[in-house]
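As structure tokens, the structure follows; a few thoughts come after it.
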Amino acid sequence: MGDVHKVIRRHQILTKISTAFIYAVLVSIAMNFFWTPGHIYSSGVTGFAQLLTTFTHRYTSFTLSTAAGLFVLNIPLLFLAWKSIGHQFAIFTFLSVFLASTMIKVLHPMTLTTDPLICALFGGAVNGFGTGLALKNQISTGGLDILGIVIQRKTGKSIGTINIAFNAFIILSAGFMYGWPYAFYSAIGLLVNAKVMDMTYTRQQRMEVMIITSMPKTVIDSVQNHMRRGITIVHHAEGAYNHQPKTVLFTVISRYEKNELDEALKESDPNAFAVAVDVDAVFGHFYENKPK
């Protein structure tokens, strides 16, 4: 059993390293092929690094590259992650930030187009996919992600307001630096980035599942063997077609766990009937894996 755990652990580490590299390539493509040629700013710390590059290029005798700025701005946040979140989390976050900064510097820029709308749309989509892929594999891309986790752990509140304010500052800066149309284009890029990231990273999307079965104990055991989820049981239901006794089970899962639920139902009761609907919010205790 110990050897199996070691193999699984090694596989997880290699997956995270590979994902960090893929994210780095995608963010560098977004930066060098779309955002920089189109004068589009990203969100969060990446956008702030772009802003510093523009500012130092225009108003100082030296230019701080976006790659260097991204790495330097993340250093205090990495220390915060090491102290407040977990060593493993901080190590993989450092890896993703380091690779992203390196690839932005190494990947030769290519101007495919300077149309700001095209650059905003495609840059946002490419970066959103890379960020969502990283989050899906439990890797942080640094920046405000770290601050958000720390604030949520200490206060129970989200970083939503801070995030909105920070990104509003980035958008306004784009207007001052390149003209107000570019502020609107950057805002479009942020929306596309967020939408694609949500489509890719499904772990935070909740689904209410109703299962109708004549084998409740078997189904419950199978589901809870596949995932850590509570289940509410409603007894004495009846099928309208053949009037057979049924049991209704209710649970809430993340969209990321949908395939595991499908497998659990196939193993326990192939004749079970299940319905899943998206939910906007979950109140009370809902188990989530915490970064280590």
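The structure displayed is predicted, hence computed values, not measured ones. Along the sequence shown, residues are numbered consecutively beginning with 1.
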- prompt: Measuring from L77:CG to I146:CD1, what's the distance to the nearest 0.5 Å?
  reply: 5.0 Å
task: Can you establish whether the number of heavy atoms outside Y178 located under 6.0 Å from its atom OH is more than 12?
output: yes
- prompt: Would you say the side chain of D221 lies within less than 4.5 Å of the side chain of K217, judging by non-hydrogen atoms?
  reply: yes
message: Do M177 and F55 have side chains that approach each other closer than 4.5 Å (heavy atoms only, starting at C-beta)?
response: yes
field: Student check: side-chain heavy atoms of I231 and I211 closer than 4.5 Å
entry: no
task: Among Ile, Leu, Val, Met, Phe, Trp and Tyr joined by side-chain contacts under 4.5 Å, find the other residues sharing a cluster with I139 and list them by chain and number.
output: none
field: Atom pair OG (S173) and CG (N167), whose distance is rounded to the nearest 0.5 Å
entry: 11.0 Å
- request: Group every Ile, Leu, Val, Met, Phe, Trp and Tyr by side-chain heavy-atom contacts under 4.5 Å, then state whether Y59 and L64 land in the same group.
  value: yes
message: Between F250 and V275, is there shared hydrophobic-cluster membership here, with clusters defined by ILVMFWY side-chain heavy atoms closer than 4.5 Å?
response: yes
field: Contacts of type side chain to side chain contact (heavy atoms under 4.5 Å, CB included), residue N271, not counting sequence neighbours
entry: D269
- line: Connected to W82, directly or through other members, by ILVMFWY side-chain contacts below 4.5 Å are I91
Those residues that, when tested against I171, pass side chain to side chain contact (heavy atoms under 4.5 Å, CB included) (two or more places apart): A183, A187, L190
query: Taking all non-hydrogen atoms of both residues, which atom of T141 and which atom of A134 are closest, and how far apart?
result: CG2-CB, 3.9 Å
- request: Evaluate the side-chain proximity of K16 to Q88: yes if any heavy-atom separation is below 4.5 Å, no if none is.
  value: yes
field: Modelled atom types, side-chain donor and acceptor of T66 and T53, under 3.5 Å
entry: yes
- prompt: Hey, any chance V277 and M210 share a hydrophobic cluster, counting ILVMFWY side chains that come within less than 4.5 Å of each other, even indirectly?
  reply: yes
message: Donor-acceptor check, side chain of T247 to backbone of S214, threshold 3.5 angstrom: yes or no?
response: no
task: Enter the distance from M31:CE to L70:CG here, rounded to the nearest 0.5 Å.
output: 7.0 Å
- prompt: Just wondering, more than 12 heavy atoms not from F122 lying within 6.0 Å of its CZ?
  reply: no
query: Is V223 linked to I212 within one hydrophobic cluster, defined over Ile, Leu, Val, Met, Phe, Trp and Tyr using a side-chain heavy-atom separation of less than 4.5 Å?
result: no
field: I29 vs F34, side chain to side chain contact (heavy atoms under 4.5 Å, CB included): CA-CA, chis, key distance, verdict
entry: CA-CA 7 Å; I29 290 174; F34 298 106; 4.2 Å; yes
message: When you group the ILVMFWY residues by side-chain heavy-atom contacts below 4.5 Å and let the links chain together, are V248 and L265 in the same group?
response: no
message: Can you tell me how far apart CG (L144) and CG (N74) are? Round to the nearest 0.5 Å.
response: 9.0 Å
Return a table of donor-acceptor pairs under 3.5 angstrom between the side chains of residues 103-121 and protein atoms on other chains or two or more places apart.
from, atom 1, to, atom 2, distance (Å)
T113, OG1, D115, N, 3.1
D115, OD1, L117, N, 2.9
D115, OD1, I118, N, 3.1

task: Check the pair V209, V252 against side chain to side chain contact (heavy atoms under 4.5 Å, CB included), reporting the backbone distance first and the verdict last.
output: CA-CA 6 Å; V209 181; V252 176; over 6 Å; no
task: For F71, check side chain to side chain contact (heavy atoms under 4.5 Å, CB included) against everything at least two apart and list the hits.
output: I75, F94, V97, F98, S101
task: Taking the side chain as every heavy atom from C-beta outward, state whether E257 and M207 have any pair of such atoms under 4.5 Å apart.
output: no
query: What pairs with L73 under side chain to side chain contact (heavy atoms under 4.5 Å, CB included), at least two apart in sequence or on another chain?
result: V45, F48, A49, L52
Pairwise side chain to side chain donor-acceptor pair (under 3.5 Å) hits with a residue in residues 25-49, at least two apart: Y41-T54
task: Can you measure from OG (S186) to CH2 (W180) and round to the nearest 0.5 angstrom?
output: 11.0 Å
field: With N193 via side chain to side chain donor-acceptor pair (under 3.5 Å) - residues at least two apart
entry: N127
Just distance, no hydrogens or angles: give the donor-acceptor pairs under 3.5 Å from side chains in residues 234-246, sequence neighbours left out.
from, atom 1, to, atom 2, distance (Å)
E238, OE2, H243, ND1, 2.6
N242, OD1, Q244, N, 3.1

- prompt: Tell me, do L51 and F169 make a side-chain contact under 4.5 Å, heavy atoms counted?
  reply: yes
field: Any donor-acceptor pair under 3.5 Å from T213 side chain to M215 backbone
entry: yes
task: Report the residues that fulfil salt bridge (Lys or Arg N to Asp or Glu O under 4.0 Å) with K266, sequence neighbours left out, ordered by chain and then residue number.
output: none
task: Could you list who else is in L191's hydrophobic cluster, with ILVMFWY side chains joined at under 4.5 Å, directly or through other members?
output: none
query: Side chain of T200, backbone of V196: donor and acceptor closer than 3.5 Å?
result: yes
Whether S222 side chain and V219 backbone form a donor-acceptor pair below 3.5 Å: no
- request: Using atom types as modelled and distance alone, determine if a side-chain donor or acceptor of S96 lies under 3.5 Å from a backbone N or O of S140.
  value: yes
- prompt: When rounded to the nearest 0.5 angstrom, what distance separates CZ in R206 from CG in D278?
  reply: 11.5 Å
